[in-house]
Amino acid sequence: MSLIPELDHLKIPVEDIKTATNNFANDNFLGKGGFGKVYKGQLPPSTSATGSSRRGFTNVAVKRLDVQLMSGQGQHRKQRPTMALIVEQLQISLEFQIGSRRIAETSLWGSSTGGDPWSLQLDSNQKLKKITIDHEDWIYSIGFTTVFSGSSDSSQRHGGHGGPSGGTISEINFDDDEEITEIHGTVGVSTGHYAYYTVISSLCFVTNKKRDGPFGKEAGTRFSVRWDVGSFGGFYGRAGFYLDGLGFYLKDTIQASI
């Protein structure tokens with residue numbers, strides 16, 4: 001029984017949190033805020049922050065409290081923080097807000113076997129700021145720049161293992177209040193030096209503010225997917241010499257705030 005019975009339904013076993021964050025591994029580290037470090041993790045379908053069963057994984061951001069910080073940097077105050085102080089700080093700060101999202105994958109367009117798998121799943125408070133596309137008659141590679149807590153991070157390029165296309169490199173920049181709501185494209189077959197691969201031959205992005213594209217050549221089988229504002233959760237796919245396949249993450253957001 002917790003000190004705040006109303007929060008019992010939010011309790012998650014410590015071992016589950018350690019498993020979700022790979023025991024607070026550096027690869028899961030997101031950033032540092034007041035009173036500790038924040039780690040990302042994925043709770044398995046059998047575990048839920050709200051106590052209900054879920055089919056998909058649940059993304060969580062976990063703050064690991066630093067007792068020294070809570071006690072005045074450990075230098076000027078020798079006494080341990082009281083439980084009342086800890087609860088007060090948790091209540092007034094974002095670090096103890098549990099944001100849980102059920103993530104669903106759309107179909108994968110293109111090849112399900114070509115290249116290697118890759119994934120970009122946006123965490124809570126992580127914003128997609130730019131997409132970089134190398135394209136000619138098809139999409140050679142795609143890369144993403146995101147912002148989390150004011151820090152910019154560019155992902156590795158997905159595709160283009162045979163080198164740049166020699167065609168066009170296009171950048172799509174997004175405003176803070178802008179997000180993708182539709183994506184259209186085509187799936188074709190490559191020619192030339194790396195021929196006969198099933199690849200993404202063109203892409204077009206529609207946001208709540210504008211339309212960008214098409215990039216590449218609109219040839220082959222068309223695909224299209226759209227969703228509500230607030231539902232976009234990231235990309236996944238396969239890539240090698242080209243962008244072989246592309247799919248999207250969509251989220252159902254549930255906020256449980258203390």
Side-chain angles (χ1 to χ4, degrees), residues 27-31 38 40 42 57 59 61 101 103-111 114-136 138-165 167-187 199-216 223-227 229-251 253:
D27 288 344
N28 292 62
F29 177 68
L30 291 175
V38 179
K40 65 181 179 180
Q42 282 193 329
F57 282 85
N59 285 357
R101 299 179 299 176
I103 299 294
E105 295 180 356
T106 67
S107 299
L108 180 72
W109 284 273
S111 174
D116 298 313
W118 58 269
S119 174
L120 173 70
Q121 192 173 122
L122 298 175
D123 294 299
S124 299
N125 300 321
Q126 185 179 18
K127 175 70 177 176
L128 180 65
K129 292 297 292 182
K130 182 171 69 176
I131 298 176
T132 303
I133 304 174
D134 184 358
H135 59 97
E136 196 174 30
W138 41 83
I139 307 299
Y140 275 71
S141 68
I142 191 168
F144 309 97
T145 300
T146 63
V147 173
F148 182 86
S149 298
S151 298
S152 178
D153 175 62
S154 295
S155 73
Q156 69 180 45
R157 179 182 63 183
H158 305 295
H161 292 181
S165 68
T168 303
I169 296 179
S170 299
E171 293 184 347
I172 308 170
N173 292 284
F174 302 100
D175 295 334
D176 291 341
D177 61 347
E178 185 176 13
E179 66 176 84
I180 298 171
T181 57
E182 300 178 35
I183 294 180
H184 311 277
T186 54
V187 176
V199 297
I200 302 298
S201 53
S202 72
L203 285 172
C204 178
F205 300 86
V206 181
T207 73
N208 56 325
K209 301 180 75 172
K210 68 179 186 298
R211 181 186 186 97
D212 292 282
F215 306 99
F223 66 87
S224 178
V225 61
R226 59 174 54 90
W227 48 79
V229 172
S231 296
F232 178 67
F235 299 89
Y236 75 99
R238 301 188 68 90
F241 295 120
Y242 311 109
L243 181 60
D244 297 271
L246 186 65
F248 317 104
Y249 292 118
L250 301 180
K251 63 188 178 184
T253 303

How long is the span from the [atom1] atom in [X] to the [atom2] atom in [Y], to the nearest 0.5 Å?
| X | Y | atom1 | atom2 | result |
| --- | --- | --- | --- | --- |
| Thr106 | Leu246 | OG1 | CG | 7.5 Å |
| Phe144 | Leu122 | CZ | CG | 9.0 Å |
| Leu243 | Ser141 | CG | OG | 8.5 Å |
| Leu108 | Asp244 | CG | CG | 9.5 Å |
| Glu179 | Asn208 | CD | CG | 6.0 Å |
| Trp118 | Tyr236 | CH2 | OH | 10.0 Å |

Report task. Begin from the C-alpha positions of Thr168 and His135 and carry the test side-chain hydrogen bond (donor to acceptor under 3.5 Å, both in side chains) through to its verdict. Result -> CA-CA 5 Å; Thr168 303; His135 59 97; 4.8 Å; no

Provide the closest heavy-atom pair for [X] versus [Y] in the form atom of the first, atom of the second, distance.
| X | Y | value |
| --- | --- | --- |
| Ile180 | Trp227 | O-NE1, 2.7 Å |
| Ala239 | Gly159 | CB-N, 3.3 Å |
| Cys204 | Pro214 | CB-CA, 4.1 Å |
| Lys127 | Asp175 | CE-O, 3.5 Å |

**Report entry** Stepwise side chain to side chain contact (heavy atoms under 4.5 Å, CB included) check, Thr132 with Arg157
**Finding:** CA-CA 9 Å; Thr132 303; Arg157 179 182 63 183; over 6 Å; no

Heavy-atom side-chain proximity of [X] to [Y] below 4.5 angstrom:
| X | Y | value |
| --- | --- | --- |
| Val147 | Phe174 | no |
| Phe223 | Leu203 | yes |
| Ile131 | Phe235 | yes |
| Arg238 | His158 | no |
| Ile142 | Phe215 | no |
| Glu171 | Thr145 | no |
| Ile169 | Ile133 | no |

Query raised in the report: Under 3.5 Å, side chain of Ser201 to main-chain N/O of Thr186, donor-acceptor pair present?
Result: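 Here the side-chain-to-backbone pair exists.
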
Report task. Given side chain to side chain contact (heavy atoms under 4.5 Å, CB included), test Tyr249 with Leu120 step by step and report yes or no. Result -> CA-CA 9 Å; Tyr249 292 118; Leu120 173 70; over 6 Å; no

Requested in this report: In plain terms, say whether Lys210 and Glu178 are close enough for a salt bridge, that is, a side-chain N and a carboxylate O under 4.0 Å apart.
Outcome: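 Salt bridge present between Lys210 and Glu178.
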
Query raised in the report: Would Phe232 and Phe248 count as a close aromatic pair, with their ring centres under 6.0 Å?
Result: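 No, the ring centres sit 6.0 Å or more apart.
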
